[in-house]
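Working notes, structure below.
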Amino acid sequence: MKAARLLFVALALAGNGLAQDYPAKPIRIIVGPGPDALARVIGQQITQAWGQPVIIDQRGGGGGTISAEAVAKAAPDGYTLLLATGTHTINPSLYKVSYDMVRDFAPVTLLASTPFILAVHPSVPANSVRELIALAKSKPGALNYGSGGSGTPPHLATELFKTLAGVNMVHVPYKTVAAAITDLVAGQLQVMFTVGPAGLPQIRAGRIRGLAVSTAKRSAFAPELPTVAEAGLAGFDVFGWNGLLAPAGTPKPVIARLHGEITRALYLPEVRERVAGFGFEPVGNTPEEFGEFIKADIEQWARVAKESGARVD
């Protein structure tokens, strides 16, 4: 992957004349849904390197469709970017959207990824994924699972879990992850795939019980937890991610300049430390690799939505 990044940057230098005056004005990163912490870290690094302000523009609502539509319609000049998440690749399967996630965007890089953690309330008599599956099979529809909203990656991750395990659990969507975690701690919910930064403190305090991580490999943030695949559901591999997209048609030298600066920043020790503090691991792949990732993610969630019958509640 490192060699691919270097090759991309080297090839882009040939068109450097087009990008030499970029950026000549502030850059806007449109965020929505989800937290803006990673965008702010990257924005600070761009400002320090290039001397131009980076404006973080929160546009929540519409399950991420509002933010994506704004960037899809923006001028393709590198001054308007989208902080994309897994919600954006799920949306085409659940909403009627006015844009195409592949056709209407130019990938810059996958910034970072984070596992989800499958957790239960301590009153749930399950200390492993296998025990949770057995319990859910013995009591169809008796377990409630929460998420930070319909159509979010943890919602679809649980629907995938249900399909692979052959169990029935009831979805209870919340407006925020924090609200869902509060009810999981209180015992109003029994099960949840939570993002690491929200769930780990509660797990380590004993308020909820962590059973597994959602990724194919164990997480450095919680190495004591097995993967869902290890615990019995082969092939289960989903995770949260943040990446940057520009409008389609943005000149390749501009994309290359953005990619080079952002990936350089991602591997600075102080940036890695801050990103890890959010529960993320830096990635920084090439635009081509990120584009293929987006296509695969759209296809994966389309299958999950179809097979599970998931919908926006």
Side-chain angles (χ1 to χ4, degrees), residues 30-36 57-73 82-105 114 116-119 136 140-184 188-195 198-199 214 236-243 245 293-313:
I30 297 181
V31 180
D36 62 9
D57 184 349
Q58 280 275 8
R59 298 196 194 181
T65 59
I66 292 173
S67 58
E69 185 175 275
V71 176
K73 292 181 176 180
L82 174 67
L83 183 73
T85 72
T87 298
H88 289 104
T89 49
I90 288 171
N91 283 343
S93 298
L94 300 180
Y95 293 91
K96 280 189 175 180
V97 296
S98 62
Y99 52 85
D100 185 290
M101 284 301 299
V102 176
R103 182 193 64 221
D104 295 331
F105 296 92
T114 185
F116 302 126
I117 298 176
L118 179 60
L143 299 178
N144 293 330
Y145 80 88
S147 76
S150 296
T152 58
H155 170 209
L156 271 291
T158 316
E159 290 299 317
L160 175 60
F161 179 88
K162 286 169 53 181
T163 299
L164 293 177
V167 299
N168 178 24
M169 300 187 293
V170 178
H171 181 216
V172 183
Y174 288 75
K175 291 185 177 180
T176 66
V177 171
I181 285 282
T182 297
D183 271 8
L184 181 62
Q188 301 300 315
L189 297 172
Q190 288 76 51
V191 185
M192 184 175 174
F193 271 105
T194 175
V195 290
S214 64
F236 195 94
D237 180 21
V238 296
F239 51 89
W241 56 268
N242 280 183
L245 298 173
F293 170 85
I294 288 171
K295 290 177 186 176
D297 218 39
I298 291 170
E299 291 171 1
Q300 171 182 247
W301 293 127
R303 287 194 302 272
V304 172
K306 182 177 180 180
E307 292 171 4
S308 68
R311 66 184 190 279
V312 178
D313 297 323

For residues 158-175, the salt bridge (Lys or Arg N to Asp or Glu O under 4.0 Å) pairs (sequence neighbours left out) are Glu159-Lys162

Sorted by chain and number, sequence neighbours left out, side chain to side chain contact (heavy atoms under 4.5 Å, CB included) with Gln188 holds for Asp183, Ala186

### Message
Test side-chain contact (heavy atoms from CB on, under 4.5 Å) on Thr176 and Tyr174; report intermediate values, then the result.
### Response
CA-CA 5 Å; Thr176 66; Tyr174 288 75; 5.6 Å; no

Residue set satisfying side chain to side chain contact (heavy atoms under 4.5 Å, CB included) with Ala198, at least two apart, ordered chain then number -> Val177, Ile181, Thr194, Val195

Rounding to 0.5 Å, atoms CG (Leu156) and CD (Gln300) come to a distance of 9.0 Å

Run the side-chain contact (heavy atoms from CB on, under 4.5 Å) check on Phe193 and Leu160 step by step: do they pass?
CA-CA 11 Å; Phe193 271 105; Leu160 175 60; over 6 Å; no

Would you say the side-chain atoms of Ser214 pair up with the backbone N or O of Val238, donor to acceptor, closer than 3.5 Å?
yes

Would you say the side chain of His171 lies within less than 4.5 Å of the side chain of Tyr145, judging by non-hydrogen atoms?
yes

Nearest heavy-atom contact between Thr158 and Pro154 is OG1-O, 2.7 Å

Donor-acceptor contacts, no H, no angles, side chain residues 86-93, under 3.5 Å, sequence neighbours left out:
residue : atom : partner : partner atom : Å
His88   : ND1  : Thr85   : N            : 3.1
His88   : NE2  : Gly32   : O            : 3.2
His88   : NE2  : Gly64   : O            : 3.2
His88   : NE2  : Ser67   : OG           : 3.1
Thr89   : OG1  : Gly86   : O            : 2.9
Thr89   : OG1  : Asp297  : OD2          : 2.8
Asn91   : ND2  : Gly63   : O            : 2.7
Asn91   : ND2  : Thr87   : O            : 3.4

Correct closest heavy-atom pair for Leu245 and Ala84 would be CD1-CB, 3.8 Å

Taken to the nearest 0.5 Å, the spacing of Tyr99 OH from Asp104 CG works out to 9.5 Å

Heavy-atom nearest pair, Ala305 first then Leu94, reads CB-CD2, 4.3 Å

d(Lys96 NZ, Thr65 OG1) to nearest 0.5 Å is 14.0 Å

Are Phe116 and Leu118 close enough that some pair of their side-chain heavy atoms sits under 4.5 Å apart?
no

Output for pair (Phe105 CZ, Arg103 CZ), nearest 0.5 Å, gives 10.0 Å

Taking every heavy atom of Phe239 against every heavy atom of Trp241, the minimum-distance pair comes out as O-CD1, 3.8 Å

Applying side chain to side chain contact (heavy atoms under 4.5 Å, CB included) to Asp36 and not counting sequence neighbours gives Val31, Arg40, Ile56, Gln58

What one should report as the nearest heavy-atom pair of Val191 and Leu184 is N-CD1, 3.8 Å

Margin query: Check the orientation of Phe161 and Phe236. Use parallel for under 30°, tilted for 30 to 60°, and perpendicular for over 60°.
Written below: perpendicular

Residue set satisfying side chain to side chain contact (heavy atoms under 4.5 Å, CB included) with Val170, at least two apart, ordered chain then number -> Asn144

Note: Met192 and Gly146 closest approach over all heavy atoms is CG-O, 3.4 Å

